[in-house]
Amino acid sequence: MERYDPAEIEARWQAVWAEERAFEVPNPADPAADERPRAYVLEMLPYPSGDLHMGHVTNYTMGDVVSHFRRRTGFQVLHPMGYDSFGLPAENAAIKTGGKPAEVTAHNIGRIRAQMLRMGWSIDWSRELSTADPAYYRWTQWIFLQLFERGLAYKRGATVNWCPQDQTVLANEQVVDGCCERCGSEVEARKLEQWFFRITDYADRLIDDMDQLENWPDRVLTMQRNWIGRSQGAEVVFKVVDGAWEIPVFTTRPDTLFGATFFVLAPEHPLVHELVQGTAAEEPVADYVRRHGSESVAERMRDDRPKTGVDTGRRVVNPVTGEEIPIWISDYVLVEYGTGAIMAVPAHDDRDHAFAQAFGLSIRQVVAATDGEVDVQTEAFTSAGDDAVLVNSGRFDGLRVAEAKSAIAAWLVEEGRGETKTAYRLRDWLVSRQRYWGAPIPIIDCPACGLVPVPDADLPVVLPEIDDYAPKGRSPLAAAEEWRSVPCPTCGAAALRETDTMDTFVDSSWYYLRYVSALDATQAWDRAAVDWWLPVGQYIGGVEHAILHLLYSRFFTKVLFDAGYIGFEEPFANLFTQGMIYKDGAKMSKSKGNVVAPDAIVNRYGADALRMYVLFMGPPDQDKEWSDSGVLGPSRFLDRLWRAVLQIAAATTGEALPAAPAAASGAALDLLRLTHRTTQRVTEDIDRRLHFNTAIAASMELLNGIEKARDELLLEPVGGVALRHAAGTLVCLVQPFSPHIAEELWSRLGGERLWEAPWPVVDPALLVSDTFTCVAQVNGKVRDRIELPRDLPDAEVIARVRALPKIVEHTGGREPVKEIVVPGKLVNIVVR
RNA sequence: GCGGGCGUGGCGAAAUGGUAGACGCGCCGGGUUUAGGACCCGGUGGGGGAGACCCCGUGGAGGUUCAAGUCCUCUCGCCCGCACCA
């Protein structure tokens, strides 16, 4: 028999699909457009390093299975692909080899595209995009200016995260444990003028609109919620003794106000200098501030570090007790959060408690446990539940914490000493980078007019060709004097271009919109086409983007909605986050030397086997361990499928997928039932649960059934039709996973264009049989099984089970206390 | 500390509260080829028994139920996210 040759089959069908433009879909303006329902299936776009890795293979194969399935169940499917092609790796490679980032990138895209094509994914390649292409980043710049016009993009001096290795600033989201997410160097704090996006304006909507994201993993929503970190509380104003200053603090525990025994300012707090000027504390405070400022971010984040601080000698008045309490400076108070100042309640806050102990400050209990004593001198009592009531708090004594929070907050408002307030952990998104390979920020700095947007007609601001990409602590673009010097668009005076480029996460925050109009040079997207395709129906990607890409994209979508450019507020209706693939217990990485190259597996077993294996390995949302021998399972399965279908195709005649013969009985009927049960399982596993591993297992069971029945069924005509029906169905079910072999076998069965053939339909009559295997239990333990007619009345079922010798033996002649019948499943006889 | 998730054969894993281990890898035995990472048949959780069979078994301890891997309470271990956020 002809051997299964994946390499030959795969190349041939890939050529057919390309020739037929099988996976290209029309926009609404296109005459070819029709009114069938639409599905936008999208996977996160890849960074084009030279080689495809297993994570990509899993990600895009999952999306491809969904795409094929939707296409064959009546949808027009938009399934595009592009490259997130700006960024450091290409730039660093160019510096190392003396090439140009654009050339390195073009080369890498060529390689990764070739590897993607070998996987046979059903992608509409006519919409391919690359974020480093001026035709793309022209619109990234346009969006930047949309934000600028609305006050959502602004430049300010700030203490920012500086990566000494990459020589650029980083967003908060890109700092992990005090180190650069990309290169691992310890991040330094630097005071610089930088561009920010005002994502904090959208903090509430980013949290509240999570209600609409029912089909997002809880994990991702929780991570975003934590990252935004919304806390309800109160702002309380404290007056400084012997001075005109009033300093507000933010607290989530206004109920503990009576227990505030000292006050702390962050070292960077703007009032620090004024407060101590000309006093005895001036020198020690200045000294503390200086020492604190020179510490690295990582040092400040060490969790076991002792509390440090310095007394200002100044005092503030506690608004409820009238008591004067000392003002300290300490770096455990963060200037960026709340107001940069806190009221310290050592009895009920661990950090304040540690500070009070370190400096011998007084600790006063104002909340007590309803059950049992607590010693707040030893340890802070932080419970805020119903088991905690106020003490030493004047007329608020006896209130539970929750009640006291609102009562004291109300009192503060009444007295004009404070107001209710919400604080967020989220910071504005720092988007400027001092590197070359990114979209230039389209702003011109005019000495007379200030920051002026580049006029739309002058977009894109194209990256100039330069000779030296090496980072020097400022953007390499600053050296391109000629490019940089331009007349001010407003007044015509000599002005300078902004030389920073944008964070690459800006590029990827809107690419899902561009696919609908990827070739349109006149606008970022066609509104009618966006309304037609979006929001994205199914988005698939790695969980590592939970608080970067996925939060930024939601923010952009809301901004563009508010600006009237799109008609929806959430970009991704359904999100699926796939697990990572490990090898030898570790993430695959070049440095660990445990990378398995997809190309090598394709060479050996074919793309169809690899595609099937990455999904067969386990549940798609879980991390998985790569096994070199594991791929043999799907590989052998496809080989057996090949031989079985070819044999059936040769021994029988008829359609590729003939109707199930009505006259079937015995083994033929059993096979038809198995076929339809399998169709049901595969359909549900793909459609509802994205449980590809069990869908594949079900297909394997069907093949096992076909092989077992084959020789017998080929002897008679009805059996032959049943076999052909089973084989045709199986080929259909396998197609989303391993489309090349499926297409080939389909054509051997006499079919055409499987990629658009209708999905097999389940005949409900074939899902049930006239008998069932009844499990016979005594006291919940399985003792026997018996084949019974499905329509037998319960009483008769019980009688038949009770007559079984093993049941008689285990009941030992005792009368049942109870008899449980689960129809079509089991009988449980309960005896004492 | 706060939040999320996970513990089932040698391994990857299945299992609407109803037959635990489907499907696959590996391994064992047999066959067939012995150019093959080839193919076919049978077996494969642990313990006992010559055997039909019996007992135990889903990290651990309780509980609910006729029935628990699945639900509840406590507990141990691992992974991930956030973390001096007031």
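Just so we're on the same page: letters track the sequence lines, and every chain starts at 1.
With P as the reference atom, B:rC74 and B:rA22 are 35 Å apart, rounded to whole Å. Straight-line distance between the C1' atoms of B:rU70 and B:rA20: roughly 11 Å, to the nearest whole Å. Remark: the separation of the C1' atoms in B:rU44 and B:rG24 is 14 Å, to the nearest Å. Distance check on atom C1': B:rC6 versus B:rG12 gives 16 Å, rounded to whole Å. Across B:rC40 and B:rU33, the matching P atoms stand 15 Å from one another, rounded to whole Å. If you take atom P in B:rG47 and the same atom in B:rG31, they sit 28 Å apart, rounded to whole Å. If you take atom C1' in B:rC76 and the same atom in B:rG9, they sit 22 Å apart, rounded to whole Å. Distance noted for atom C1' between B:rG69 and B:rG17: 11 Å (whole Å).
The partner of B:rG42, taking Watson-Crick or G-U wobble pairs whose two distances both stay under 3.5 Å, is B:rC28. Base-pair partner of B:rG36: not found among the strands shown (Watson-Crick or G-U wobble, both distances under 3.5 Å). With both pairing distances under 3.5 Å, B:rG51 is matched to nothing as a Watson-Crick or G-U wobble pair. Across the strands present, B:rU58 finds no partner; the criterion is a Watson-Crick or G-U wobble pair with both atom distances under 3.5 angstrom. B:rG7 and B:rC76 make up a base pair, with Watson-Crick or G-U wobble contacts both under 3.5 Å. In this entry B:rG81 has B:rC2 as its Watson-Crick or G-U wobble partner, both defining distances falling under 3.5 Å.
In this structure, A:Gln777 and A:Leu826 approach most closely via the heavy-atom pair NE2-CD2, 4.0 Å.
Residue A:Asn693 places its side chain closer to B:rA14 than to any other of B:rA15, B:rA14, B:rG12. In the set B:rA22, B:rG81, B:rG3, B:rG81 carries the atom at the smallest distance from any side-chain atom of A:Met223. When each of B:rA13, B:rC23, B:rC40 is scored by its nearest atom to the side-chain atoms of A:Arg640, the top-ranked nucleotide is B:rC40. Checked against B:rG12, B:rC66, B:rA20, the side chain of A:Val782 finds its nearest nucleotide in B:rA20.
With rounding to whole Å, A:Lys583 atom NZ is found 18 Å from B:rC11 atom P. Look at CG on A:Leu638: it is 18 Å from P on B:rC23, rounded to the nearest Å. In this structure, A:Leu615 places its CG atom 17 Å from P of B:rG24, rounding to the nearest Å. Here B:rG24 presents its C1' atom at 16 Å from CD of A:Glu625, a figure rounded to the nearest Å. Note: CG (A:Asp639) to P (B:rG24) measures 14 Å, nearest angstrom.
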One pair to check against salt bridge (Lys or Arg N to Asp or Glu O under 4.0 Å): A:Arg783 and A:Glu809. What are the steps and the verdict?
CA-CA 10 Å; A:Arg783 295 303 178 182; A:Glu809 188 188 323; over 6 Å; no

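OP1 or OP2 of B:rC53 has at least one side-chain nitrogen or oxygen of A:Lys806 nearer than 4.0 Å. Residue A:Lys781 places at least one side-chain N or O under 4.0 Å from the OP1 or OP2 atom of B:rC56. Contact annotation: A:Ser627 does not reach the phosphate of B:rG26 (side-chain N/O to OP1 or OP2, under 4.0 Å).
A syn orientation is assigned to B:rG9, its glycosidic angle lying within 90° of 0.
Annotation: of the two residues near RNA chain B, A:Asn226 and A:Arg636, the 5′-most nearest-nucleotide partner is A:Arg636. Each of A:Asp352 and A:Lys818 has a nearest nucleotide on RNA chain B; the 5'-most of these lies closest to A:Lys818.
When each of A:Thr308, A:Val310, A:Ile329, A:Asp331 is tested with A:His292 by the rule side chain to side chain contact (heavy atoms under 4.5 Å, CB included), just one qualifies, namely A:Asp331.
A salt bridge links A:Asp255 with A:Arg253: the closest approach of a Lys/Arg side-chain nitrogen to an acidic carboxylate oxygen falls below 4.0 angstrom.
Because its NZ or CZ atom is not both nearer than 6.0 Å to the ring centre of A:Phe355 and within 45° of the ring axis, A:Lys307 does not count as a cation-pi partner of that residue.
In this structure, A:Tyr4 and A:Trp642 have tilted ring planes: the angle between them lies in the 30° to 60° band.
For B:rC66, its base sits under 3.5 Å from the side chain of A:Asn828 at one donor and acceptor pair at least. You'll find a donor-acceptor pair under 3.5 Å spanning the side chain of A:Lys307 and the base of B:rC84, going by distance alone.
Residues A:Phe263 and A:Trp328 keep their aromatic ring centres 6.0 Å or farther apart.
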